[in-house]
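Reminder, nothing fancy here: chain letters follow the sequence lines and each chain counts from 1. Owing to the predicted nature of the structure, the values given are computational and were not obtained by experimental measurement.
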There are 2 protein chains.
Amino acid sequence: MSVATVSYVLNNVANQTIPDETKCRVLDAAKQLNYVPNLAARSLVKQKSGLIGILINRSENEGFWKQHRYASFINRLERLLTDRGYHVVLFSLDAANPKLDIISERKLDGVFVVDVKRENFHLISSHFSVGVPLILIDSIIEDSLFYKVNYDYEEAFALSGASSQLNQSYVVIDSFNNAELIQSIRSSIGIDPSLFHMMEDEERLERFLEQNAEKTGIVLNEFIGSIAAKYVNAAKLTVICTADCPDILPAAVTRIQYDNRKSEEAFQLMMKLIDDPMNGPEHKYIDVKASHSE
Amino acid sequence: MSVATVSYVLNNVANQTIPDETKCRVLDAAKQLNYVPNLAARSLVKQKSGLIGILINRSENEGFWKQHRYASFINRLERLLTDRGYHVVLFSLDAANPKLDIISERKLDGVFVVDVKRENFHLISSHFSVGVPLILIDSIIEDSLFYKVNYDYEEAFALSGASSQLNQSYVVIDSFNNAELIQSIRSSIGIDPSLFHMMEDEERLERFLEQNAEKTGIVLNEFIGSIAAKYVNAAKLTVICTADCPDILPAAVTRIQYDNRKSEEAFQLMMKLIDDPMNGPEHKYIDVKASHSE
DNA sequence: TTGAAAGCGCTAACAC
DNA sequence: GTGTTAGCGCTTTCAA
């Protein structure tokens, strides 16, 4: 009995015919000895780590709406990946100065990078000379190599009625690191600047809301929505539930929901890219559509 | 120039005196070639993976208060660990049937397991024959080997006034997998069963609150607190902020806060155990004290 | 059907 | 001060 035979049995190697008896002996012994493979060693020879990274740009002293906005996303994505046999490395980046060595050091099989500043993108892409599947989340960056998964904000605003009844409602959006995303959202509504607010802190939001209390409001991110609901009539609020946590909102709020579609789509795309890195979808932007609104 | 010399330079090996010139040559070449060490290979020889696991027991269809209650904890803990040079593997367990092979497969250097059912504890401990530092979070399990980090609920209830004015207030607690923790919280207040409610879903909570609307209330977990605030006067509510997200609550709510102390203490303990696994603190239960209340 | 052996990238003991 | 080498645990080619 040699190491090779054992490896064959334990991995169910295809074109090796092994008599049931040997098979059993190996399996029994493995059970007896409480054997578990060492994935570091396997990684080394297979040149695949079985690790997927979720790298999230964060800043110091983030408000709770930022702290929690990716909790559902991470949660769901981790489960999907785990179910497929991958292990998930969670890593937060300093948005101003992201350290990305983890990608090559750990030989990650795939990477999600969330909320990327365009200024730092060259840094990121330089870590991908090797061709690891990379998916950007909540980021708009003109680059033909990498995929980006974002919500379809244009659709969301259409559903919310913001676009049809222009300047009848105000809009509050989440504060992203990626300035291009903010710009794109802004121009997709074509709203009057005085009716547009990017969340900074509660006081400023409060002041903004005071000035527009009589209008209806559209808010991105239900945690910000829950703050807004403290200051305005919930019935006049529509929240685009980008944090997949609609239940946090008062019942009267109108919701546009995604039911974790962003994690699903990001996951599906990643699996496709890992299977066949050369043949991903042609279009590099995936726009996640709302699943329902009420 | 040999591999060894290179390794010495790159790792700043202590008792190897290397002339600055050689040092520079190596460092330059490394930069030129964009060298990054392969941590899988290093793990293999060092017998240390540099990975810390955060394993969280989850169930299907968890309410948002459960989904988000560990977001701040994970967030903070990940940053602390990253700053110390560890990488974090996030892994959710099926609370009913946790698969723990990841611990030995990845040779995790340390593991946090969150909200453990006692019934499954033998399973967990069997994965630690090797002596990996293991810290249980939000779990009470009589076992002399492993550390447990929990909030000091007794102190929290004392601060809230629940214990002094017995049966003047009702109490709503979070739903944990660990039944012993629930039991311990319950008996630490010694409250009348009719005034004690464990969160199951919003409807049941609503009914419970209706019956006690005139009393003051003490609630564990600010997400549950934010639901409660929909049904009762916020000024009559004290929330024990176990999710480290006090800002989500209406201003009128009284808060008992921890400022991420649970992650800090869990982290400190882990570092101590990794340094010297034999000489951890004598007492196996760490009770996290409130940092302030208002 | 099985086994011997090379080698993944790295570290550390030891010889020079 | 530097190089040689064994070996971490595993997979896989090739020969028997």
Side-chain angles (χ1 to χ4, degrees), chain A residues 1-51 85-87 89 101-109 127 129-132 274, chain B residues 1-51 85-87 89 101-109 127 129-132 274:
Chain A
M1 176 96 52
S2 76
V3 279
T5 317
V6 174
S7 177
Y8 294 146
V9 175
L10 260 27
N11 294 297
N12 266 309
V13 174
N15 46 9
Q16 292 284 339
T17 53
I18 291 163
D20 279 357
E21 200 230 304
T22 323
K23 225 177 228 172
C24 284
R25 283 206 298 149
V26 172
L27 260 21
D28 284 357
K31 204 140 289 170
Q32 223 78 56
L33 301 172
N34 244 294
Y35 172 82
V36 278
N38 180 326
L39 297 186
R42 182 178 293 173
S43 303
L44 206 53
V45 34
K46 288 231 183 190
Q47 300 287 35
K48 285 184 175 192
S49 62
L51 294 172
Y86 290 97
H87 290 158
V89 179
D101 281 345
I102 189 173
I103 296 167
S104 16
E105 287 178 340
R106 292 279 176 198
K107 294 256 175 303
L108 301 182
D109 291 344
H127 280 262
S129 41
V130 265
V132 190
I274 287 181
Chain B
M1 176 97 52
S2 76
V3 279
T5 317
V6 174
S7 176
Y8 294 146
V9 174
L10 260 27
N11 295 296
N12 265 310
V13 174
N15 46 10
Q16 293 283 339
T17 53
I18 291 164
D20 278 357
E21 198 231 305
T22 324
K23 226 176 227 171
C24 284
R25 282 207 298 149
V26 173
L27 259 22
D28 285 357
K31 205 140 289 170
Q32 223 77 56
L33 300 172
N34 243 295
Y35 171 82
V36 277
N38 180 325
L39 296 186
R42 183 178 290 174
S43 303
L44 207 54
V45 33
K46 288 233 182 191
Q47 300 288 34
K48 284 185 177 193
S49 62
L51 295 171
Y86 290 98
H87 289 159
V89 180
D101 281 345
I102 189 174
I103 296 167
S104 15
E105 287 178 339
R106 292 278 176 200
K107 293 259 175 302
L108 301 182
D109 291 344
H127 280 262
S129 43
V130 263
V132 191
I274 287 181

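In this structure, NZ of B:K48 is placed 15 Å from C1' of C:dA12, rounded to the nearest angstrom. Here D:dC10 presents its P atom at 11 Å from CD of B:E105, a figure rounded to the nearest Å. B:K107 has its NZ atom 12 Å from the C1' atom of D:dC10, to the nearest Å. Between the CZ atom of A:R42 and the C1' atom of C:dC10 there is a distance of 20 Å, rounded to whole Å. With rounding to whole Å, A:N38 atom CG is found 14 Å from C:dC10 atom C1'. B:L44 places its CG atom 17 Å from the P atom of C:dG7, with the value rounded to the nearest Å. Computed from coordinates, the B:R25 CZ to D:dG1 C1' distance equals 12 Å when rounded to whole Å.
Heavy-atom distances to DNA chain D give each of B:P19 and B:K46 a nearest nucleotide, and the one nearer the 5′ end belongs to B:P19.
Considering every non-hydrogen atom in both A:H87 and A:L39, the closest pair reads CE1-CD1, 4.0 Å. Closest of all the heavy-atom pairs between A:S49 and A:K107 is OG-O, 2.6 Å. The minimum heavy-atom distance linking B:G50 with B:D109 is given by the pair N-OD2, 2.6 Å. Considering all non-hydrogen atoms of both residues, B:V89 and B:L108 come closest at CG2-CD2, 4.4 Å.
For D:dC8, neither phosphate oxygen OP1 nor OP2 lies less than 4.0 angstrom from any side-chain nitrogen or oxygen of B:S43. Side-chain nitrogen and oxygen atoms of A:T5 include none within less than 4.0 Å of the OP1 or OP2 phosphate oxygen of C:dT2. Close to C:dG9, at under 4.0 Å from its OP1 or OP2, lies a side-chain N or O of A:Q47.
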